[in-house]
Amino acid sequence: MICRTEEQFKRVIYNYSPGGLLTHSLWDSLLIYIDEANRWIKNTFLGNSLYAKYEEFSEEVKGLCDVVVGCKAFYEAIPSLDLVLTSTGFGIINNERVAPASKERVQRLRGQIKESMFNTMDELLIFFLNEEELRVLFAQGAPFEKLTDSLFLTGSELQLYAGMEGATRKELYTQKALIAEGELMIQRWISVVYFNELLQKVRDNKVEVKDREVLLKAKQLLGFYITGQSAAFRRLAELLVNNIEAQIDGYPTYKSSAEYQLKNKSRYENKKEDSTYFFG
C-alpha cells in the first residue's frame with residue numbers, strides 16, 4: 001500500500017497535527033481515505049502492474065506516489081475530519097486549544113492540496129514514460145491509453161502552449177472536448193494515421209528525431225486552436241505540411257495516407273467518356 005504509515009503521511013501533509021484531536025485518533029480516521037486513495041491511484045493512474053511494484057520503486061518515486069495518495073486522501077477527508085457520530089446524531093469535535101479555520105482558508109488549503117496532487121501526477125507520468133522498465137509496466141495498465149491519448153499529457157503543456165496560467169490535470173479533463181476538436185483539425189493536415197503514429201511513438205518512448213519537430217509544431221497548433229488563433233493555426237499548419245512533404249520519403253506513414261493522396265493526386269480530367277463527365 002502507498003503512503004501506508006503515519007510517518008509517510010506526515011512527510012506529505014505538513015498541516016497534519018494529530019495532537020489537535022483529543023477524543024479519537026486522527027490517523028485512524030484517515031485510514032479509510034488512505035485505502036480509497038490507493039484504490040483510486042491504482043484504477044485511474046498506475047494500473048495493477050505498476051501499483052504492485054511500488055515497494056521496488058526508488059525512494060524518490062515512492063515519495064512522489066506517497067504525495068499523490070496522501071494529498072488525495074487528505075483532500076477527501078477534510079470536510080468530515082471533525083465530524084463524529086453520536087447516539088443523538090452527528091456532532092463536531094470541540095477543541096478549545098485550536099481556533100476554528102474559516103471556510104475560505106479550508107477551501108484554499110484543499111485547492112493547494114489538489115494542485116500539488118495533480119502536478120505530482122504529471123511528474124510521475126513523464127518519469128514512467130521515460131524509464132523503460134516502468135514504462136512497460138505502465139503500458140500494461142488499463143488507464144495507460146486514456147492517459148496518453150492526446151498531444152497534451154500534462155497540465156504544464158496547457159500552460160506552455162495555450163497560455164492557461166496555473167493549468168493542472170483538472171484543466172486537461174475540463175478542456176477535453178476543445179482539445180479533441182483541435183486534434184481533429186491537426187489530423188486533417190498531417191493525416192489521421194500519422195497523428196496516431198506520433199501518439200504511439202510517445203507511448204513507446206520511440207520518438208525519432210524527425211518526429212520531434214512535428215510533435216512540437218503539432219502542440220503549438222493545438223495551442224493556437226484552443227486560444228482561437230485561426231490565422232496563426234493555418235500558417236503554421238501549411239508550414240508544417242510543406243516541411244514534411246519536402247522530405248516525404250522520411251514520412252512513409254503520411255505519404256501513404258488518404259489525406260496525402262487526396263492533396264497530391266493528379267488534376268482531375270473531365271473526359272466525355274467518363275460517367276462523371278460534366279458540361280462546361
Side-chain angles (χ1 to χ4, degrees), residues 40-41 43-47 61 64-65 67-69 71-72 75 107-131 134-135 138-139 141-190 192 194-205 207 211-241:
W40 170 81
I41 197 174
N43 295 330
T44 68
F45 188 70
L46 295 180
V61 177
L64 292 174
C65 290
V67 169
V68 175
V69 168
C71 285
K72 175 67 172 176
Y75 178 85
Q107 288 300 100
R108 187 161 61 247
L109 173 62
R110 290 189 86 207
Q112 291 169 347
I113 289 170
K114 198 167 192 177
E115 182 177 351
S116 178
M117 179 187 76
F118 281 140
N119 290 339
T120 306
M121 290 172 72
D122 283 353
E123 189 174 350
L124 279 170
L125 188 148
I126 297 303
F127 181 85
F128 291 145
L129 285 176
N130 286 282
E131 290 290 329
L134 297 179
R135 187 200 63 77
F138 194 26
F144 178 75
E145 288 214 8
K146 193 65 177 176
L147 292 167
T148 57
D149 68 351
S150 174
L151 289 170
F152 289 168
L153 300 179
T154 66
S156 61
E157 288 177 307
L158 272 175
Q159 295 187 52
L160 181 62
Y161 294 104
M164 290 188 182
E165 186 175 351
T168 65
R169 297 198 68 77
K170 177 182 177 180
E171 282 67 41
L172 286 181
Y173 305 140
T174 60
Q175 300 296 320
K176 188 66 175 177
L178 185 58
I179 290 170
E181 287 177 11
E183 291 180 335
L184 285 174
M185 291 296 295
I186 294 168
Q187 290 171 23
R188 293 181 185 179
W189 287 88
I190 67 172
V192 173
Y194 182 43
F195 180 90
N196 289 334
E197 180 181 83
L198 286 173
L199 293 189
Q200 192 58 50
K201 286 182 175 182
V202 171
R203 292 186 181 114
D204 296 338
N205 195 26
V207 178
D211 298 315
R212 295 190 186 280
E213 186 65 21
V214 178
L215 270 173
L216 174 61
K217 284 187 167 54
K219 290 178 181 182
Q220 291 173 334
L221 285 169
L222 187 51
F224 286 152
Y225 185 87
I226 290 171
T227 53
Q229 300 181 65
S230 56
F233 181 99
R234 184 173 186 85
R235 285 195 299 270
L236 183 58
E238 290 174 346
L239 175 64
L240 174 57
V241 171

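Treat the numbers as computed from the prediction; the structure is a model and nothing was measured. Reckoned from all heavy atoms, side chains included, excluding hydrogens, waters and symmetry mates.
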[Y] and [X], any side-chain heavy atoms less than 4.5 Å apart:
X: L147; Y: L153; result: no
X: L215; Y: K201; result: no
X: D211; Y: Y194; result: yes
X: L216; Y: Y161; result: yes

So, using side-chain hydrogen bond (donor to acceptor under 3.5 Å, both in side chains) as the criterion, who are the partners of [X] when residues are at least two apart?
X: Q107; answer: none
X: E197; answer: T253
X: N43; answer: none
X: E171; answer: T168

Within this structure, what is the [atom1]-[atom2] distance for the pair [X] and [Y], rounded to the nearest 0.5 Å?
X: I113; Y: Y75; atom1: CD1; atom2: OH; result: 9.5 Å
X: L198; Y: I186; atom1: CG; atom2: CD1; result: 10.5 Å
X: L151; Y: L221; atom1: CG; atom2: CG; result: 9.0 Å
X: D204; Y: L199; atom1: CG; atom2: CG; result: 11.0 Å
X: Q220; Y: Q229; atom1: CD; atom2: CD; result: 11.0 Å
X: L172; Y: F118; atom1: CG; atom2: CZ; result: 9.0 Å

Inset, instruction - May I ask you to decide if the ring planes of F45 and F128 are parallel, tilted or perpendicular, using 30° and 60° as cut-offs? - result: tilted
Taking ring pair (Phe, Tyr, Trp, His ring centres under 6.0 Å) as the test, write out the residues that go with [X], two or more places apart.
X: F144; value: F138
X: F195; value: none
X: Y225; value: none

Inset, instruction - Could you list all the side chain to side chain donor-acceptor pair (under 3.5 Å) pairs where at least one residue sits in residues 145-158, not counting sequence neighbours? - result: T148-R203, D149-K176, S150-E183, T154-S156, E157-K219
Inset, instruction - With sequence neighbours excluded, give me every side chain to side chain donor-acceptor pair (under 3.5 Å) pair touching residues 115-131. - result: D122-R169
Inset, instruction - Mind checking side chain to side chain contact (heavy atoms under 4.5 Å, CB included) for R235 and listing every partner two or more places apart, or none if nothing turns up? - result: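 Counting only residues at least two positions away or on another chain, R235 forms a side chain to side chain contact (heavy atoms under 4.5 Å, CB included) with A231, A232.
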Inset, instruction - Return the set of residues passing side chain to side chain contact (heavy atoms under 4.5 Å, CB included) with R234 (not counting sequence neighbours), or none when no residue passes. - result: W189, E238
Legend entry - Which atom of N205 lies closest to which atom of R135, heavy atoms considered: CB-CD, 3.8 Å
Legend entry - Closest non-hydrogen atom pair between M164 and Q159, with its separation: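 Taking M164 first and Q159 second, the nearest heavy atoms are O-CG, 3.0 Å.
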Legend entry - Counterpart residues, salt bridge (charged side-chain N to carboxylate O under 4.0 Å, His left out), relative to E213 (two or more places apart):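 With neighbours one apart ignored, the set is K217.
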